[in-house]
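Below, chain A is the first sequence line, B the second, and so on; all start at residue 1. Values reported hereafter were calculated over all heavy atoms of this structure, with side chains retained and with hydrogens, waters and symmetry mates removed.
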There are 2 protein chains.
Amino acid sequence: MFDDVTKEELAFLQRFKTGELVAEPKSEILAEGASSAQLYTVLSGMGVRYKSVPDGDRQVVGFVLPGDFVGLQSGVMGEMQHTVESTTLMTLCVFNRSELWSLFKSQPARAFDLTHLAATEEHLLGEALTAVGQLEAIGKIAWLLHRFFARLTALRLARNDGVPLPYRQQDFADALGLSLVHTNKTLGKLRDDGVADWTDGRLIVPKPAELARLAQIGPDTKPLPRPLI
Amino acid sequence: MFDDVTKEELAFLQRFKTGELVAEPKSEILAEGASSAQLYTVLSGMGVRYKSVPDGDRQVVGFVLPGDFVGLQSGVMGEMQHTVESTTLMTLCVFNRSELWSLFKSQPARAFDLTHLAATEEHLLGEALTAVGQLEAIGKIAWLLHRFFARLTALRLARNDGVPLPYRQQDFADALGLSLVHTNKTLGKLRDDGVADWTDGRLIVPKPAELARLAQIGPDTKPLPRPLI
DNA sequence: CGATTACTTGAGGCCTGTCAATGATGGTGG
DNA sequence: CCACCATCATTGACAGGCCTCAAGTAATCG
């Protein structure tokens with residue numbers, strides 16, 4: 001699902017890279033409102049992006065999967081607009097923000113890719129907003145499960161016993177604007193109906209077409225290809 | 001609210017510009033799923049961005065105001081993920097997509113600005129998602145009104161009788177995931193309470209602090225500065 | 001002056017949130 | 001080894017915010 005990378009491009013990215021970071025589960029990678037000196041590409045593990053609301057709630061604005069680039073907002077706008085937190089153990093490829101400008105000057109193709117990545121994020125958020133705004137609970141849950149299933153399958157993380165999905169139901173609730181209780185009951189309904197079963201951190205989808213129908217998604221919708229930085 | 005532009009940068013943008021477009025109200029500027037050969041900067045007028053849902057509904061993912069750049073998604077990803085439609089009469093500055101690549105090669109500062117713009121859109125969508133996901137109806141409406149009031153004031157469009165707001169209540173409903181009826185009643189409540197009055201295409205805010213409180217926004221939050229292309 | 005569009009208002013019902021309690025699991029310390 | 005605590009999933013009862021249905025008014029237009 002990623003665009004190809006040529007040898008000389010790879011060479012530049014190697015220079016751009018300054019190290020690797022291993023993050024424990026539930027640790028903060030980037031903090032909302034902070035200006036980070038580093039940008040990251042996720043090599044393995046999963047996490048969440050969320051914004052905090054004054055009254056103590058939070059809105060999950062996205063889920064971070066291997067191959068995702070995080071910190072671009074901080075890189076171009078000065079500070080992060082949301083927090084990035086690891087859910088599982090994560091390893092990240094570290095880049096220095098100070099070299100971002102040299103990338104724009106000397107590697108226009110990589111700069112284009114970064115813009116592409118930002119536009120992709122915008123697209124994903126638009127999809128999420130549409131799901132949260134227009135679907136009812138069963139559709140929202142189905143939408144999110146379908147999205148994970150398609151994305152994780154494209155990442156070749158699917159096995160016979162489904163795909164890994166190490167999040168909590170609370171994460172889903174916060175992503176979809178639902179209460180934890182209703183999220184739980186809706187997941188139970190999908191499980192009882194034999195459409196999708198998310199148990200013990202793994203997701204199994206016996207009826208992908210039915211899941212897509214509930215989510216109002218075309219049955220063969222695939223994740224868009226994206227550049228890998 | 002826009003970043004400054006130097007003389008030589010302006011010269012390049014003049015070459016980049018290929019003309020102007022005048023769009024009648026309710027006309028489609030860019031269509032979801034289409035690949036556009038043009039990109040635009042809005043010079044005057046207002047519009048909406050929306051995504052269509054299979055069952056006939058739509059989700060408004062943003063409102064287009066003067067200074068906004070539209071078509072970047074098509075420019076970097078190949079096709080638009082949402083439709084852009086004019087609400088009022090609009091004038092737009094037209095750029096050719098084919099020159100986008102030369103911009104990345106020869107004007108890294110402008111390329112950086114484009115990435116900045118994409119990241120800004122991502123930020124705005126994240127805010128919208130948070131409002132739609134976490135606030136109840138009164139808060140959502142207050143949030144959107146507050147956002148318009150701040151943005152239009154920054155654009156110096158404020159007069160003694162408020163700011164222009166030429167949208168329909170249906171546009172608000174589709175943006176916030178509310179029904180038209182409930183949107184209407186909630187607007188009526190804000191009007192009755194003397195917090196905000198949106199009538200005949202103009203918005204007056206007698207109690208900005210109260211509006212911000214309902215929207216869970218810091219009282220002195222300003223729109224983020226952004227580049228102008 | 002009929003048709004269209006947009007705004008307004010009332011009534012009733014359901015989807016979803018809140019409150020509350022229980023079970024299961026795993027980590028921790030005595 | 002077991003009591004204790006924290007986290008997460010699950011389930012039932014109940015209330016309420018919001019949707020749907022329906023009807024009416026006002027303004028614009030050909």
Value in whole Å for how far the [atom2] atom of [N] lies from [atom1] of [X]:
{"X": "A/Leu165", "N": "D/dA9", "atom1": "CG", "atom2": "P", "result": "11 Å"}
{"X": "A/Phe172", "N": "D/dA9", "atom1": "CZ", "atom2": "C1'", "result": "14 Å"}
{"X": "B/Gln169", "N": "C/dT9", "atom1": "CD", "atom2": "C1'", "result": "12 Å"}
{"X": "A/Asp192", "N": "D/dA9", "atom1": "CG", "atom2": "P", "result": "17 Å"}
{"X": "A/Asp174", "N": "C/dG17", "atom1": "CG", "atom2": "P", "result": "11 Å"}
{"X": "B/Trp198", "N": "C/dC7", "atom1": "CH2", "atom2": "P", "result": "7 Å"}
{"X": "B/Ile138", "N": "D/dG16", "atom1": "CD1", "atom2": "C1'", "result": "16 Å"}

- Task: Give a yes/no answer on whether the side chain of A/Lys26 brings an N or O atom under 4.0 Å of OP1 or OP2 in D/dC8.
- Result: yes
- Message: On the nucleotide D/dA9, are OP1 or OP2 found under 4.0 Å from the side-chain N or O atoms that A/Gln170 carries?
- Response: no
- Message: Categorize A/Leu178 for me: base, sugar-phosphate, or nothing, with a 4.0 angstrom heavy-atom threshold over every strand shown.
- Response: sugar-phosphate
- Indicate, with a heavy-atom threshold strictly under 4.0 Å, whether B/Gly177 touches base, sugar-phosphate, or nothing. sugar-phosphate
- Verify the distance criterion only: is there a donor paired with an acceptor across the side chains of B/Gln81 and B/Gln73 at less than 3.5 Å? no
- Return yes if a side-chain donor-acceptor contact under 3.5 Å exists between A/Thr87 and A/Arg168, otherwise no. no
- Query: Would you say the base of C/dG10 and the side-chain of B/Lys185 have a donor-acceptor pair closer than 3.5 Å?
  - Reply: yes
- Note on the structure: The side chain to side chain donor-acceptor pair (under 3.5 Å) partner of B/Arg226 among B/Asp3, B/Thr120, B/Asp68, B/Asp113 is B/Asp68
- Ranking D/dA13, D/dT20, C/dT8 by distance to the side chain of B/Asn184, first place goes to C/dT8
- When the aromatic ring centroids of B/Phe148 and B/Phe63 are compared, is their separation below 6.0 Å? yes
- Between A/Val181 and B/Arg191, which is nearer to the 5' end of DNA chain C once each is assigned its nearest nucleotide? B/Arg191
